[in-house]
Amino acid sequence: ANLEKNPKDVQQWLWLGVLRKHAEDYEGALLAWRFAALLVPTNPAPLVSIANTEHYYLKHYQASETAFRQAIAVSTVPVPEAYLGLHELYRYSYEEKVPLADDILKEAIANYPSNIQLLVTLAAYYRDTKDVANARVYFQKALAEAKSQNQTVLVSSLEADIAVLQ
């Protein structure tokens with residue numbers, strides 16, 4: 001009903017996409033989000049929603065990658081979640097692009113060097129892939145950033161992560 005009154009209400013289109021996705025109407029969700037993206041071309045939210053749905057529900061990895069890349073390209077605000085989505089896509093699903101899993105996080109960190117989540121994700125990736133030297137480098141960077149942001153609980157957690165690296 002709200003869309004009938006105001007068909008250019010981006011929030012309602014985003015919400016309709018969410019409702020359609022929960023109803024497992026993935027194509028309907030994608031249509032709603034694509035329309036929202038047309039209404040506000042610099043808003044990354046509908047593109048990230050499209051990318052996540054293409055990745056996790058439809059298994060259309062190339063379409064997912066394209067939507068994440070579009071979100072990064074058009075956004076006027078930071079979109080670390082698009083980089084994290086690409087990392088997960090490359091690492092866990094898009095077999096021919098597995099080697100890009102760390103590269104995409106390095107690209108993200110170049111754009112958002114103080115984003116602790118990106119630093120920790122890359123450090124954990126290196127830890128999990130047994131690249132201890134790089135894991136240590138990025139855990140140390142995350143630790144320094146956590147200290148500079150006075151995140152004491154995170155500092156303790158990162159110190160513990162570093163201590164167990166072998």
Side-chain angles (χ1 to χ4, degrees), residues 1-129 131 134-135 138 141-142 145-146 149 151 154:
N2 287 340
L3 285 174
E4 289 174 2
K5 294 177 188 170
N6 185 3
K8 293 187 178 184
D9 185 338
V10 175
Q11 292 304 319
Q12 289 299 313
W13 283 105
L14 291 171
W15 181 240
L16 178 61
V18 169
L19 293 175
R20 296 272 175 129
K21 185 180 119 194
H22 286 294
E24 298 182 7
D25 175 9
Y26 303 121
E27 293 303 323
L30 294 176
L31 285 172
W33 290 325
R34 286 185 185 119
F35 191 72
L38 288 173
L39 289 173
V40 184
T42 59
N43 184 346
L47 295 168
V48 170
S49 295
I50 290 167
N52 283 326
T53 300
E54 293 283 14
H55 177 193
Y56 294 110
Y57 297 93
L58 299 176
K59 311 297 186 206
H60 299 156
Y61 303 139
Q62 187 172 7
S64 175
E65 178 184 39
T66 298
F68 278 130
R69 287 286 184 189
Q70 283 180 300
I72 292 165
V74 304
S75 183
T76 58
V77 298
V79 283
E81 64 273 15
Y83 287 103
L84 291 165
L86 279 167
H87 169 71
E88 289 182 7
L89 174 69
Y90 296 152
R91 182 174 182 184
Y92 299 113
S93 303
Y94 206 163
E95 288 182 22
E96 54 269 35
K97 300 232 176 165
V98 166
L100 299 177
D102 62 335
D103 293 339
I104 195 62
L105 290 175
K106 289 177 185 175
E107 179 184 322
I109 291 165
N111 290 321
Y112 312 112
S114 63
N115 186 299
I116 297 171
Q117 184 180 13
L118 294 169
L119 293 165
V120 169
T121 301
L122 184 55
Y125 170 77
Y126 283 134
R127 179 199 59 216
D128 296 347
T129 58
D131 184 344
N134 275 318
Y138 285 95
K141 288 181 179 189
E145 194 58 45
Q149 295 178 20
Q151 296 192 30
L154 184 55

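Atoms considered below: every heavy atom in the structure, side chains included; atoms not considered: hydrogens, waters and symmetry mates. Remember, it's a predicted structure, so these values are computed and weren't measured experimentally.
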**Request:** Would you name the heavy atoms of Ala71 and Ala82 that are closest together and state the gap between them?
**Result:**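 Of all heavy-atom pairs spanning Ala71 and Ala82, the closest is CB-CB, 4.3 Å.
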**Item:** Closest heavy-atom pair and its distance - Ala110, Pro113
**Value:**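 It is O-CD, 4.0 Å.
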**Prompt:** Out of Asn115, Asp102, Leu105, which one pairs with Thr121 under the side chain to side chain contact (heavy atoms under 4.5 Å, CB included) rule?
**Reply:**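 Of all the options given, the one that passes is Leu105.
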Side-chain donor or acceptor of [X] paired with backbone N/O of [Y] under 3.5 Å:
| X | Y | answer |
| --- | --- | --- |
| Trp13 | Arg34 | no |
| Ser64 | His60 | no |
| Tyr112 | Val79 | yes |
| Gln70 | Ala51 | no |

Do [X] and [Y] have side chains that approach each other closer than 4.5 Å (heavy atoms only, starting at C-beta)?
| X | Y | result |
| --- | --- | --- |
| Arg69 | Leu86 | yes |
| Val120 | Leu118 | no |
| Gln149 | Ile116 | yes |
| Glu54 | Leu30 | yes |
| Arg91 | Asp128 | yes |

**Request:** Verify side-chain contact (heavy atoms from CB on, under 4.5 Å) between Leu84 and Gln117, making sure each step is shown before the conclusion.
**Result:** CA-CA 9 Å; Leu84 291 165; Gln117 184 180 13; 3.4 Å; yes
To the closest 0.5 Å, what do you measure between [atom1] ([X]) and [atom2] ([Y])?
| X | Y | atom1 | atom2 | value |
| --- | --- | --- | --- | --- |
| Ser93 | Glu88 | OG | CD | 8.5 Å |
| Trp33 | Asn43 | CH2 | CG | 13.0 Å |
| Tyr125 | Ile104 | OH | CD1 | 12.5 Å |
| Tyr57 | Lys21 | OH | NZ | 4.0 Å |
| Glu27 | Leu58 | CD | CG | 6.0 Å |
| Leu47 | Ile72 | CG | CD1 | 10.5 Å |

**Request:** Please work out whether the ring planes of His87 and Tyr92 are parallel, tilted or perpendicular, with thresholds of 30° and 60°.
**Result:**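 Perpendicular, since the angle between the ring planes exceeds 60°.
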**Prompt:** Can you tell me if Tyr90 and Asp103 form a side-chain donor-acceptor pair at under 3.5 Å?
**Reply:**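 No donor-acceptor contact under 3.5 Å links the two side chains.
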**Asked** Under 3.5 Å, is there a donor-acceptor pair between the Tyr61 and Glu96 side chains?
**Response**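 No donor-acceptor contact under 3.5 Å links the two side chains.
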Are there over 12 heavy-atom neighbours, none belonging to [X], within less than 6.0 Å of that residue's [atom1]?
| X | atom1 | value |
| --- | --- | --- |
| Lys8 | NZ | no |
| Glu95 | CD | no |
| Gln62 | CD | no |

**Derivation and outcome, side-chain contact (heavy atoms from CB on, under 4.5 Å), residues Leu14 and Leu16** = CA-CA 5 Å; Leu14 291 171; Leu16 178 61; over 6 Å; no
